Chemist: 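Once you've had a glance at the structure underneath, I'll fire off some questions.
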Amino acid sequence: MSLYVDIKKSLNGFKLDVSFEAGKYTTGLLGASGCGKSMTLKCIAGIEKPDSGLIMLNDKILFDSKKNINIPPQGRNTGYLFQNYALFPNMTTLQNISIGLSKHQRDKVVMEKIEKFGLSGLENRYPHQLSGGQQQRVALARILAKEPDILMLDEPFSALDSFLKWQLEQEVINVLDGYNGTTLFVSHSRDEVYRICSDVAIMSNGKIDTFGDKKQIFNKPTTVATAMLTGCKNISKAKKINETTIEATDWGISFVVKPHFDDVNFIGVRAHFLKIALQNEINSFEVEVMKIIESPFAITVMLTPKGKSIPIYWEVEKPYWELVKKTGMPKFLSAQPDKILLLK
């Protein structure tokens, strides 16, 4: 593996305890704000010092508490894109990109990056004269000009509006496709992580809850934290009834599920997997509508199982919702056995 991380750090009552490996592809760190994503990157970059553990990059030890090794940031050859891009305000685009490079590198590498990142004509502008997207491209060009062994992007789209975010996301994907090192991409957006990354580390409360292939994690999460962070809106405590049946105790509903679900304490049902059903269909349950929430392209219906107060969310596309309104609100919904998430 190109990157190996196994570290612990306590800071202001928060405890970071992470262990993972990443190769020469893009790995996403997905989690809510304050879960330790940025601190993990800062420890790898040498900005923060772990209390204990080991960090290796391309077989080079960057940090080893047992051997008392802690290479300073400037000696690690890491590229870190901060959320605010950290451009020098008193330097032009050309100066920001060329800082720290030799004259030979400035003549060759910098002009190549300016052309590649679409910055021609902006060489003499200062950061305050650039748009958010242009600033991001300058920051990426500055990082890649130094040919780092690892590229770390810390929520690079968080300060951008939706349209610009989409444009820059495509540009970043193109940059990463041409980068031959390890990339860590930090985000609290599951959509960004899914589009950009190959593997995903789900982080919760300073620890990695789940790590692996993004498609497998999104399709079949096995823990409550992973299910929530991958977008599951409906989660209930669960109790095993028999080898094929489990009860969602918060909703008072028994579901037929696929067997082999030992050590399951919760179940989840994604809002868009629920379907209108007849009373006698498998896994059907009676519902009462509480609230209808409209988004630009979808409708989320907040319902409660009959006689219960904890809501269940049902999500449909707007064209389908128009058909539902014509035929009347459903009295029963259902979830297919293979669509029910069995969670620890």
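Predicted, not measured: the structure shown is a model, and the values here were computed from it. By convention here, the first residue in the shown sequence is residue 1.
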Chemist: Would you say CE of M39 has more than 12 non-hydrogen atoms from neighbouring residues, nucleotides or ligands within 6.0 angstrom?
Modeler: yes

Chemist: If every non-hydrogen atom of L168 is compared with every non-hydrogen atom of G133, which pair is closest and at what distance?
Modeler: CD1-CA, 3.4 Å

Chemist: Tell me whether F332 shares a hydrophobic cluster with W321, the cluster being built from Ile, Leu, Val, Met, Phe, Trp, Tyr side chains joined at under 4.5 Å.
Modeler: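 Different hydrophobic clusters.
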
Chemist: Apply side-chain contact (heavy atoms from CB on, under 4.5 Å) to Y4 and L54, showing your working.
Modeler: CA-CA 8 Å; Y4 176 84; L54 174 66; 3.8 Å; yes

Chemist: Quick one: are the ring centres of F218 and Y194 less than 6.0 Å apart?
Modeler: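 When the ring centroids of F218 and Y194 are compared, they turn out to be within the sub-6.0 Å range.
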
Chemist: Taking side chain to side chain donor-acceptor pair (under 3.5 Å) as the cut-off, I'd like each qualifying pair that reaches into residues 335-344, sequence neighbours left out, listed once.
Modeler: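 Checked against side chain to side chain donor-acceptor pair (under 3.5 Å) - neighbours excluded - no pair reaches residues 335-344.
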
Chemist: W251 vs F255 aromatic rings, parallel, tilted or perpendicular, using cut-offs 30° and 60°?
Modeler: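 Perpendicular, since the angle between the ring planes exceeds 60°.
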
Chemist: Any chance you could measure S10, atom OG, to L16, atom CG, to the nearest 0.5 Å?
Modeler: 8.5 Å

Chemist: Before accepting this row, confirm whether a basic side-chain N of the pair E294/K318 lies closer than 4.0 Å to the acidic partner's carboxylate O.
Modeler: yes

Chemist: Please say whether more than 12 non-hydrogen atoms of neighbouring residues, nucleotides or ligands are located less than 6.0 Å from CG in N68.
Modeler: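 It does not: N68 CG has 12 such atoms or fewer within range.
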
Chemist: Can you confirm whether more than 12 heavy atoms, excluding those of K8, are under 6.0 Å from its NZ atom?
Modeler: no

Chemist: Take atom CD of E123 as the centre, draw a 6.0 Å sphere, and report whether it contains more than 12 heavy atoms from other residues, nucleotides or ligands.
Modeler: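 Buried by this count: over 12 neighbours within 6.0 Å.
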
Chemist: Could you grab the distance from atom CZ of F117 to atom CD of E112, nearest 0.5 Å is fine?
Modeler: 9.5 Å

Chemist: Determine, step by step, whether S98 and R142 satisfy the side-chain hydrogen bond (donor to acceptor under 3.5 Å, both in side chains) criterion, reporting the C-alpha distance in whole Å, the side-chain angles of both residues, the deciding distance to 0.1 Å, and the verdict.
Modeler: CA-CA 7 Å; S98 61; R142 180 178 65 182; over 6 Å; no

Chemist: Give me the atom names and distance for the closest heavy-atom approach of V287 to P330.
Modeler: CG2-O, 3.9 Å

Chemist: Between K60 and I71, is any pair of side-chain heavy atoms under 4.5 Å apart?
Modeler: yes

Chemist: Assess whether a salt bridge exists between E247 and K240, defined as any Lys/Arg side-chain N lying under 4.0 Å from an Asp/Glu carboxylate O.
Modeler: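 Here E247 does not pair with K240 in a salt bridge, since their nearest N and O are not under 4.0 Å apart.
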
Chemist: Could you grab the distance from atom OH of Y126 to atom CG of L87, nearest 0.5 Å is fine?
Modeler: 13.5 Å

Chemist: Do I208 and V224 share a hydrophobic cluster, counting only Ile, Leu, Val, Met, Phe, Trp and Tyr and linking them when any side-chain heavy atoms are less than 4.5 Å apart?
Modeler: no

Chemist: Quick one, L3 with V5, criterion side-chain contact (heavy atoms from CB on, under 4.5 Å). Give me CA distance, side-chain angles, the key distance, then yes/no.
Modeler: CA-CA 7 Å; L3 175 69; V5 178; 3.8 Å; yes

Chemist: Evaluate the salt bridge (charged side-chain N to carboxylate O under 4.0 Å, His left out) criterion for residues K275 and E281: first the C-alpha distance (whole Å), next the side-chain angles of each, then the deciding distance (0.1 Å), finally the verdict.
Modeler: CA-CA 11 Å; K275 303 295 181 184; E281 285 186 28; over 6 Å; no

Chemist: Around atom CD of Q279, are there more than 12 heavy atoms of other residues, nucleotides or ligands at under 6.0 Å?
Modeler: no

Chemist: Provide the full list of side chain to side chain donor-acceptor pair (under 3.5 Å) pairs with a residue in residues 195-213, sequence neighbours left out, each pair given once.
Modeler: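 For residues 195-213: E169-R195, D209-T223, D209-T226, T210-T226.
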
Chemist: Please lay out, stage by stage, how N234 and I267 fare under the test side-chain contact (heavy atoms from CB on, under 4.5 Å).
Modeler: CA-CA 8 Å; N234 301 314; I267 69 165; over 6 Å; no

Chemist: Taking all atoms of both residues into account, what is the closest heavy-atom pair of T249 and S236, and its distance?
Modeler: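 Heavy atoms of T249 and S236 come nearest at N-OG, 3.5 Å.
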
Chemist: Run the side-chain contact (heavy atoms from CB on, under 4.5 Å) check on L303 and M290 step by step: do they pass?
Modeler: CA-CA 5 Å; L303 318 106; M290 293 178 59; 5.9 Å; no

Chemist: If you count heavy atoms of other groups shown closer than 6.0 angstrom to CD of E115, is the number above 12?
Modeler: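 Not buried by this count: 12 neighbours or fewer within 6.0 Å.
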
Chemist: I need the minimum non-hydrogen distance between L341 and A227, along with the two atoms involved.
Modeler: CD1-CB, 4.5 Å

Chemist: Flag the pair L151 / L81 as yes when at least one side-chain heavy-atom distance between them is below 4.5 Å, and no otherwise.
Modeler: no

Chemist: What heavy-atom pair brings T27 and F211 nearest, and what distance separates the two atoms?
Modeler: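 Shortest heavy-atom contact: CG2-CE1, 3.8 Å.
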
Chemist: Please report the closest heavy-atom contact between P311 and M302, naming both atoms and the distance.
Modeler: CB-CG, 3.6 Å

Chemist: If you round to the nearest 0.5 Å, how far is NZ of K306 from CD of E288?
Modeler: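 So the CD of E288 and the NZ of K306 are separated by 4.5 Å.
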
Chemist: Side-chain contact, heavy-atom cut-off 4.5 Å: R76 with F63?
Modeler: yes

Chemist: Mind running side-chain hydrogen bond (donor to acceptor under 3.5 Å, both in side chains) on S187 and E192 for me, showing each step along the way?
Modeler: CA-CA 7 Å; S187 180; E192 287 178 5; 2.8 Å; yes

Chemist: What verdict does the side-chain hydrogen bond (donor to acceptor under 3.5 Å, both in side chains) test give for T93 and N96, after you've listed the backbone C-alpha separation in whole Å, the side-chain angles of each residue and the deciding distance to 0.1 Å?
Modeler: CA-CA 5 Å; T93 294; N96 263 289; over 6 Å; no

Chemist: Taking K9 first and then E48, would you say they form a salt bridge - that is, a charged N and a carboxylate O separated by under 4.0 Å?
Modeler: yes

Chemist: Return the CG to CG distance between N77 and L57, rounded to the nearest 0.5 Å.
Modeler: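 Spacing of CG (N77) from CG (L57) equals 8.0 Å.
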
Chemist: In terms of hydrophobic clusters joined by side-chain contacts under 4.5 Å, are L122 and I99 together?
Modeler: no

Chemist: Under a 4.5 Å cut-off applied to non-hydrogen side-chain atoms, are N283 and P337 in contact?
Modeler: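 Counting from C-beta outward, N283 and P337 do come under 4.5 Å.
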
Chemist: Quick one: do R137 and E171 satisfy salt bridge (charged side-chain N to carboxylate O under 4.0 Å, His left out)? Show the steps, please.
Modeler: CA-CA 9 Å; R137 293 203 298 272; E171 292 181 15; 3.7 Å; yes

Chemist: If you round to the nearest 0.5 Å, how far is CD1 of I196 from CG of L153?
Modeler: 8.0 Å

